[in-house]
Amino acid sequence: MAFHPLMMMTLVVVVSCLFPRVYPVGQNPIDACWRGNPNWANNRAELADCAVGFGKDAVGGKQGRVYVVTTPEDDATNPKPGTLRYGAIQIEPLWIIFARDMVIRLESALMINQFKTIDGRGVKVEIAFGPCLNIKDVSHVIVHGIGIHNCVPEAGRAAGGQGRGGDAIVIFASSNVWIDHCYLASCADGLIDVIHASTGITISNNNFTRHDKVMLLGHRDANKPDKEMKVTIAFNRFGEGLTQRMPRVRLGYAHVANNVYQKWKTYAIGGSSDPTVFSEGNHFTAPDNASAKQVTKRLKTEKGGLQSWNWRSSRDRFWNGAYFLPAGHGTFLPLYSPSQKFKVAPGASAPALTSDAGPLTCIPGKPC
Ligand SMILES: *[C@@H]1O[C@H](CO)[C@@H](O)[C@H](O)[C@H]1NC(C)=O
Ligand SMILES: *[C@@H]1O[C@H](CO)[C@@H](O)[C@H](O)[C@H]1NC(C)=O
């Protein structure tokens, strides 16, 4: 039977009334939770219900007022109202948004306080060319839709100084943290460090590019409390010009799901000190270098030994000679609670699910 165009239109109208939010094919479960709402700008806190994985419970500033950043200026010793720093250091919950496009060059690392969301939707916000973000000894922080790049150490500090040494984001002794739809590139040290027994973390929908040491989960083999660390890394794009550590894991647990890896330089996933890594539904394209085809790298411990590993691959897709060396036995599943659990697609779908990685261009009144 042939469909008359008018019948077709009626059908579409009927279907969209029955299912008011129609999501584009390929959208991942986080995005599908909020991007279809044209009224997103008046319902910003709705985003806080959309995380999946170990960082699911991060509420950010959901219970607080909206705070508007009106100026890119920064005065670290006397933070002024209207600046990002002034909002981020308050004790009360705040949902921080930006009045206009801006590039913020911070004077020192920004110590984000508990119950904060930094939400770049609707404008283009970059934190760059200075020290960057530090989430230390707090819980419930969400960072969404921000470009964080070319971060440098604080004046007088060397790179690698645990959070003040030129990382994009350091998560230090903190829990319930969600980093979503950010652009992360070209910093003096790491892009994201998760250290000192931080846990309950989701890193999703980010666009990583042009950097050496991408993501460190656990900073020392001897720091045994990192065994508690649980991190979900999902729907990210590990793009061009990345060398290693996507992530590098010590002691804890990482569920690495539905990410796209585009030609790393030395390896993609590595670690030491008995970590557990479950690689599920990723899309790995190896570099052309014949000696760097292996996704995985078992690193020596600080004492020089090779310890046991528990790393598994399920439904991953491999291109250009990429291969994954599984190891270990025993349990490796994330054992998510029902609310943390999400659908992981086969690796072949990862490119579609990550095609909007990084900050989105959102216009109020339209689906984002
Ligand atoms: C090829 O990969 C190996 C192993 O990671 C590395 O040592 C070597 O520098 C790489 N060569 C090039 C040209 O990148
Ligand atoms: C990610 O960043 C790279 C480099 O700036 C850019 O080419 C790309 O379009 C961005 N987004 C995605 C989804 O690839």
Side-chain angles (χ1 to χ4, degrees), residues 23-32 35 101 103 120-121 123-129 132 143-151 168-169 179-187 190-192 203-215 233-248 257-272 281-300 306 317-325 345 347-362 367-368:
Y23 305 110
V25 176
Q27 235 179 51
N28 65 59
I30 298 173
D31 288 355
R35 283 180 61 189
D101 295 356
V103 179
R121 285 176 295 173
V123 287
K124 187 169 196 282
V125 177
E126 290 168 70
I127 297 172
F129 313 115
C132 290
V143 182
H144 178 99
I146 311 278
I148 308 167
H149 61 91
N150 296 88
C151 304
I169 303 177
I179 312 294
D180 188 49
H181 278 293
C182 290
Y183 170 78
L184 296 139
S186 308
C187 292
L191 291 182
I192 301 182
I203 295 166
S204 56
N205 289 314
N206 301 292
N207 187 5
F208 295 89
T209 182
R210 290 191 289 275
H211 190 80
D212 180 5
K213 298 171 178 174
V214 179
M215 206 186 299
I233 297 169
F235 312 116
N236 299 285
R237 174 185 180 274
F238 294 101
E240 296 76 26
L242 297 171
T243 301
Q244 57 180 327
R245 302 191 177 177
M246 298 164 238
R248 183 213 196 288
N258 280 164
N259 302 283
V260 167
Y261 291 79
Q262 200 60 37
K263 300 195 172 187
W264 54 87
K265 206 159 158 203
T266 61
Y267 71 87
I269 299 172
S272 59
N282 297 293
H283 189 280
F284 294 106
T285 304
D288 297 332
N289 180 351
S291 4
K293 301 284 187 193
Q294 192 186 150
V295 168
T296 38
K297 186 170 173 93
R298 241 174 118 174
L299 293 143
K300 287 203 163 72
L306 265 181
R317 191 78 183 257
F318 301 99
W319 293 98
N320 204 29
Y323 67 99
F324 188 109
L325 273 190
S349 302
L353 295 172
T354 59
S355 59
D356 287 345
L360 300 162
T361 305
C362 299
C368 186

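Keep in mind the model is a prediction, meaning the values are calculated, not measured. Note that ligands are numbered from 1 as they come in the structure, with each ligand's atoms numbered from 1 the same way.
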(message) Is A357 close enough to touch ligand 2? Criterion: a residue heavy atom under 4.0 Å from a ligand atom.
(response) yes

(message) Is it true that D180 and S204 share a donor-acceptor pair across their side chains at a distance under 3.5 Å?
(response) yes

(request) Evaluate the criterion salt bridge (charged side-chain N to carboxylate O under 4.0 Å, His left out) for residue pair D212 and K265; output intermediate values, then yes/no. (result) CA-CA 9 Å; D212 180 5; K265 206 159 158 203; over 6 Å; no

(message) Determine whether the aromatic ring centres of residues F318 and H283 are separated by less than 6.0 angstrom.
(response) no

(message) Test your reading of the structure: does R237 have an N or O sitting under 3.5 Å from an N or O of ligand 2?
(response) yes

(message) Among all the protein's non-hydrogen atoms, which is closest to atom 6 (C) of ligand 2, and how far away is it?
(response) N207 ND2, 4.2 Å

(message) Only heavy atoms of A292, strictly under 4.0 Å: list the atoms of ligand 1 that pass.
(response) 2 (O)

(request) For atom 9 (O) of ligand 1, state whether the nearest protein heavy atom is under 4.0 Å away. (result) no

(message) Ignoring hydrogens and geometry beyond distance, is a side-chain donor-acceptor pair present between D356 and N205 at under 3.5 Å?
(response) no

(message) Give me the residue, atom name and distance of the protein heavy atom closest to atom 4 (C) of ligand 1.
(response) S291 O, 3.7 Å

(message) Looking at every heavy atom in both C182 and P359, which two are closest together, and how far apart are they?
(response) C-CD, 3.8 Å

(message) Minimum heavy-atom separation for L242 and T209, please, with both atom names.
(response) CD2-C, 3.5 Å

(request) State the atoms of ligand 2, each with its element, that fall below the 4.0 Å cut-off from a heavy-atom position in Y183. (result) 2 (O), 5 (O)

(message) Yes or no: does G358 have any heavy atom under 4.0 Å from an atom of ligand 2?
(response) no

(message) If we count only non-hydrogen protein atoms and require a distance under 4.0 Å, does atom 14 (O) of ligand 2 qualify as touching the protein?
(response) yes

(message) Looking only at distances, can you tell me whether any N or O atom of N289, backbone or side chain, sits closer than 3.5 Å to an N or O atom of ligand 1?
(response) yes

(request) Identify, by atom number and element, the atoms of ligand 1 in contact range of T266, meaning under 4.0 Å from any of its heavy atoms. (result) 5 (O)

(message) With heavy-atom distances below 4.0 Å as the criterion, list the atoms of ligand 2 near S355.
(response) 13 (C)

(request) Decide whether H181 and D31 meet the rule of one side-chain donor and one side-chain acceptor closer than 3.5 Å. (result) yes

(request) Name the orientation class of the two ring planes belonging to Y183 and H149 (parallel below 30°, tilted from 30 to 60°, perpendicular beyond 60°). (result) perpendicular

